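Working notes, structure below.
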Amino acid sequence: MHAKKAKSEEDISDTDHIASEAHAVLDLFSGARNLSTPVWVYDVDNCRVVYANAQACRMWQAESEADLCARDMSKGMSSTVAKRLKQYQTDFIERQTTFREMWTLYPNGKPVSSSVAFRGFRLPDGRMAMQCEVLERADSEPDNLRSAEALLHTDVKIALFELDGPALYMNPAARNSIGGPSISFLKLFVNSKDYHVMMFELDGSGEHRMVAKVKTSTGKRWFDLSAKLCSDAVTGQPAVLLTAFDVSELKIARDKARYLADRDQLTGCYNRAFMHRLIEGLASTEAMQCTLVYFDVDRFKSVNDTFGHEAGDNVLKELAARAQEAVGPEDIVVRLGGDEFAILLYEDVGCVHPHQKAKALFRNLSGPVGQGPTNIDVNVSMGITDFAPAQTDFESALRQADIALYQSKREGRNRYTTYTDEMGAAALDRARFKAEIEAALKRREFVLYYQPRIDLRSGNVVSMEGLVRWNHPQKGVVGPNKFIPICEETGMIDHLGQQVLELGFEQAMRWQEAGEYMHLSLNISPRQFADDRLTEMLETFAKKPGFPTDRIELEITENVLIGDLDDIASKLKEITDMGYRIAIDDFGTGYSNLSYISRIPLSCVKIDQSFVSQLPKSGPIIRLILSLGKQIGATIVAEGVETQDQYDWLALHQCDQIQGFFIARPAPLNEVDVDAN
């Protein structure tokens, strides 16, 4: 009871306070009390009526002025209406504006539509309130009333502008977003070019739609603008009716999607698809000449293998940044994929010639790239070609630049080469030869020639090395120096290596079945060794009954050992666990790091023929290798023995085995004339 009584007294106190405020300004409204139209004063800040005449009380269905002043008008008020009233308050303060609009009020929840005039009213405490006067009740059709209400509450920005002056009308959404009515149609646009395009189109067709960046109260935003020429309903003067939708998020999302579609995600360079579209777009420019630069990183795979793929990515990002800095703002840098980049250089009259740009680019690209506490030495090889987009498509130009790049690689890498027609002809011959090799692999035209290895102590043939040859139907026997490089470049070395193993293993089985105790040595390329299918194939043969794995030696080069040594050692152990033997071929010419010798299961070390050919000058090096072989228990074989002096020196210094033309040249097995014991 006491609580209810206290609350009742508080309510009475609040009502008396509101009423006293109303009476405090009574003298300002003595004339308004006698008006036959409803008039009241609304405190925008506190959402309450502070004064009302009798007609206003009846319209609001209030028992008295005090009853009306006690109501909290914010209850049930939409945010749109609240913002609109705040806009009015600002305009009253800044410009002493008077508004006349059709409003729908809701006394006790029942709609009443009226034409209302709004004026500023300064309260005794200095705050700006709003005087509201109902001019006439609306007798409009329901659709008209609803359209007026929709115009008030919609989020669509609608405004009417003088052609060369300020806004004549803004709905609440436009007013809240675009700003006050003083803003002109011209000043609405961030880019004046958009305004002039809009006016040009309006002048021609009377309407236009465009997406443009607009100045708003929250900053610059993207809007979908629809404008129509019309006449002001009050003055009859020409005006522009503008409807605007904020599409900033959609525009940003589309721009980002377009950016991602055109860009390489790692480096931020343009991608291949963008370059295609660009060249197609330039095809209509008859006189345009361009230069295409194509480059890649020398031995990029070894960067990834040695330092890791994160380091490789850092190298690519650094090269992309260097390329962007070295070329002009109009030139296009493209990452084609992997470590391959292309740059489109434009030929501008009076500017630096594209070839000079390309040379400067080459100088700027190479150099160390920081990776933590270490530096990675980076060099590039580059191909350059000139072309006219109107006559040559992108892929054709890229092929020419690729041919020039290939020439740079052949001449030792870390250089640039300009394409010539002679290079193109040679590349065409190479492509035809490649096609011949592919066909030869399908027809299994490759055969093994055999070169014996003899034991220097007994003089007996103890092993044969199987060496691949191409039995060409027209050209006869083709040596490996003709086709191996192309196979390595194109990846056909995998297929060729598989055929070599199959041919060698079939011969080993024939020796086994014939009771001949002969060892066989076969070469494994670095690419073939890295392929997981190698161990699968070796295991398949090892499981065959009677297969002599202990008499098959697989020769790898030192380059195979570049990379994760733990993984490499594990793979080699897996192979030796099957019974196969491992030899290091061309020892001393590759990755000569003695630390790996103790990590891998070696059975044989083959001294490269470049050392044997320099005997006796190279004697100290060979003696060191012979000593190493004894320490690790590996057989030492000297390759490329061609003279009696070389033979005698190696025998004197207790080399285990020799191989070379002095003993026998590689030949078909039935022509090897050294008896096997």
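For clarity, every value in this text was computed on a predicted model and none was experimentally measured.
- If you look at His309 and Phe307, their ring centroids are not closer than 6.0 Å.
- Summarising the local packing, CZ of Arg299 is surrounded by 12 or fewer heavy atoms from other residues, nucleotides or ligands at distances under 6.0 Å.
- For residues 619-647, the salt bridge (Lys or Arg N to Asp or Glu O under 4.0 Å) pairs, not counting sequence neighbours, are Lys606-Glu639.
- Ring pair Phe274/Tyr270 is parallel by interplanar angle, where below 30° counts as parallel and above 60° as perpendicular.
- Every pair passing ring pair (Phe, Tyr, Trp, His ring centres under 6.0 Å) that includes a residue from residues 359-385 is listed here, sequence neighbours excluded: Phe362-Tyr416.
- Contact check for Gln659 versus Ser521: no side-chain heavy atoms found under the 4.5 Å cut-off.
- In this view, Glu438 and Lys434 satisfy the salt bridge (charged side-chain N to carboxylate O under 4.0 Å, His left out) rule, not counting sequence neighbours.
- The salt bridge (charged side-chain N to carboxylate O under 4.0 Å, His left out) check on Arg527 picks up Asp494, with sequence neighbours excluded.
- Classification of the Phe662-Tyr647 ring pair by plane angle, with boundaries at 30° and 60°, yields tilted.
- Residue pairs meeting the side chain to side chain donor-acceptor pair (under 3.5 Å) criterion with at least one member in residues 404-413, sequence neighbours excluded, are Asp296-Lys409, Asp298-Lys409, Tyr406-Glu489, Gln407-Glu411, Ser408-Thr417.
- Taking Ser396 as the reference, Asp393, Arg399 meet the side-chain hydrogen bond (donor to acceptor under 3.5 Å, both in side chains) condition, with sequence neighbours excluded.
- Between the side chains of Gln512 and Arg551, at least one donor-acceptor pair of N or O atoms lies under 3.5 Å.
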